[in-house]
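Below is one structure, written out as structure tokens, with a few remarks after it.
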Amino acid sequence: MDKERKLIIAGNWKSNKTVAEGLSLVNDLKRELAAVKEVDIVVAPPFTALESVSKAIIDSNIRLGAQNLSADGYGAFTGEIPAGMLKEFSVGYVILGHSERRQFQKESDALVAKKAAAAHAANLVPIVCVGETLAEREAGITEQIVEGQLGGSLAGLSAEQVERTVLAYEPVWAIGTGKTATSAQAQEVHAFIRKVLTTLHGEVVAKRVRIQYGGSVKANNARELLGQPDIDGALVGGASLEVRSFADIIKNSI
Ligand code: PGA
């Protein structure tokens, strides 16, 4: 697949995998994916497995992501992990504003923007997630919702920072449900996101930003989805927990 933007496929393990299970998975992935150069490959384990996974993937083509970070720095913020601590484990990416955090932790666009700024300040690449619920899609307000989330979650970032940010379009109704957006539905929103980015930061930046699709991506739909002109990768939940399915998603997208 020939694209002007390099594909980026990330596995979001969510609250899964003990240290031993995570190590077993990345060791298998390393073997399966050693020859892949066309795709940036990222795994995002829970915080507790970051250190061991980090050591296991040194000298491999797999990069490390975290699933959250603190909007604040070091100090009296019980239970929070600042970017500087993630850097100790060579974390390169951080997933921000995932719909599960927006829903269960009540994360707002403003908080996501603060976290994205903290990520950039530490030289971490944020993967900022946006996406509408089923009710919003059915009400015909998908674009309005996505535009609002984008504006709010990227607020305050410079054009250079936005260019380095990875976006993930994840329709909430497609996450963990087995219901994937059709490639046409996904492409339509991805193209819209690029249009919003053009308005916010100009065409050059908009053309360079990588936009992942997420929501029930599997080995059998990856090629079709990632073949769309504005889809530059995938954020994978359930199918990233097993070597076969995650490796096949990556191989099928090349
Ligand atoms: P899923 O999750 O692949 O299990 O639908 C995607 C995500 O939440 O990032």
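Whatever order the structure lists them in is the order used to number ligands and atoms, beginning at 1. Position 1 is the first residue of the sequence, and the numbers go up from there.
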Ion pair E51/K55, N-O distance below 4.0 Å: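 Salt bridge between E51 and K55, a charged N being under 4.0 Å from a carboxylate O: yes.
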
Ion pair check, D28 and R31, cut-off under 4.0 Å: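 Salt bridge: yes.
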
Atoms in ligand 1 with a heavy atom of G176 nearer than 4.0 Å: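 Reading through ligand 1 atom by atom, the close ones are 1 (P), 4 (O), 5 (O).
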
Numbered atoms of ligand 1 (with element) below 4.0 Å of G215, judged on heavy atoms: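 Counting from 1, the qualifying ligand atoms are 5 (O).
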
Region of N12 that comes within reach of ligand 1 [heavy atoms, distance under 4.0 Å]: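 Side chain only.
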
A174, portion touching ligand 1 at heavy-atom distance under 4.0 Å: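 Contact part for A174 vs ligand 1: backbone (N, CA, C, O).
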
Pick from H98, K14, K218: the one approaching atom 2 (O) of ligand 1 most closely through a non-hydrogen atom: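 Shortest heavy-atom distance from atom 2 (O) of ligand 1: K14.
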
Heavy-atom donor-acceptor pair, S153 side chain to L150 backbone, under 3.5 Å: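 Not a single qualifying donor-acceptor pair exists.
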
From H190, R5, K6, Q212, residue fulfilling side-chain hydrogen bond (donor to acceptor under 3.5 Å, both in side chains) relative to D232: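 Going through the options one by one, the only one that passes is R5.
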
A239 heavy atom under 4.0 Å from ligand 1: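 No, A239 has no heavy atoms under 4.0 Å from ligand 1.
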
Between K115 and N68: side-chain donor-acceptor atoms closer than 3.5 Å: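 Yes, N68 and K115 have a side-chain donor paired with an acceptor closer than 3.5 Å.
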
Check against salt bridge (charged side-chain N to carboxylate O under 4.0 Å, His left out), K14 and E100: CA-CA 10 Å; K14 307 191 179 181; E100 285 150 17; 2.8 Å; yes

Minimum-distance protein heavy atom relative to [atom]:
atom	value
atom 3 (O) of ligand 1	G237 N, 2.8 Å
atom 9 (O) of ligand 1	E170 OE2, 2.6 Å
atom 4 (O) of ligand 1	G238 N, 2.8 Å

Shared hydrophobic cluster for V112 and L167 (ILVMFWY, side-chain gaps under 4.5 Å):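 V112 clusters together with L167.
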
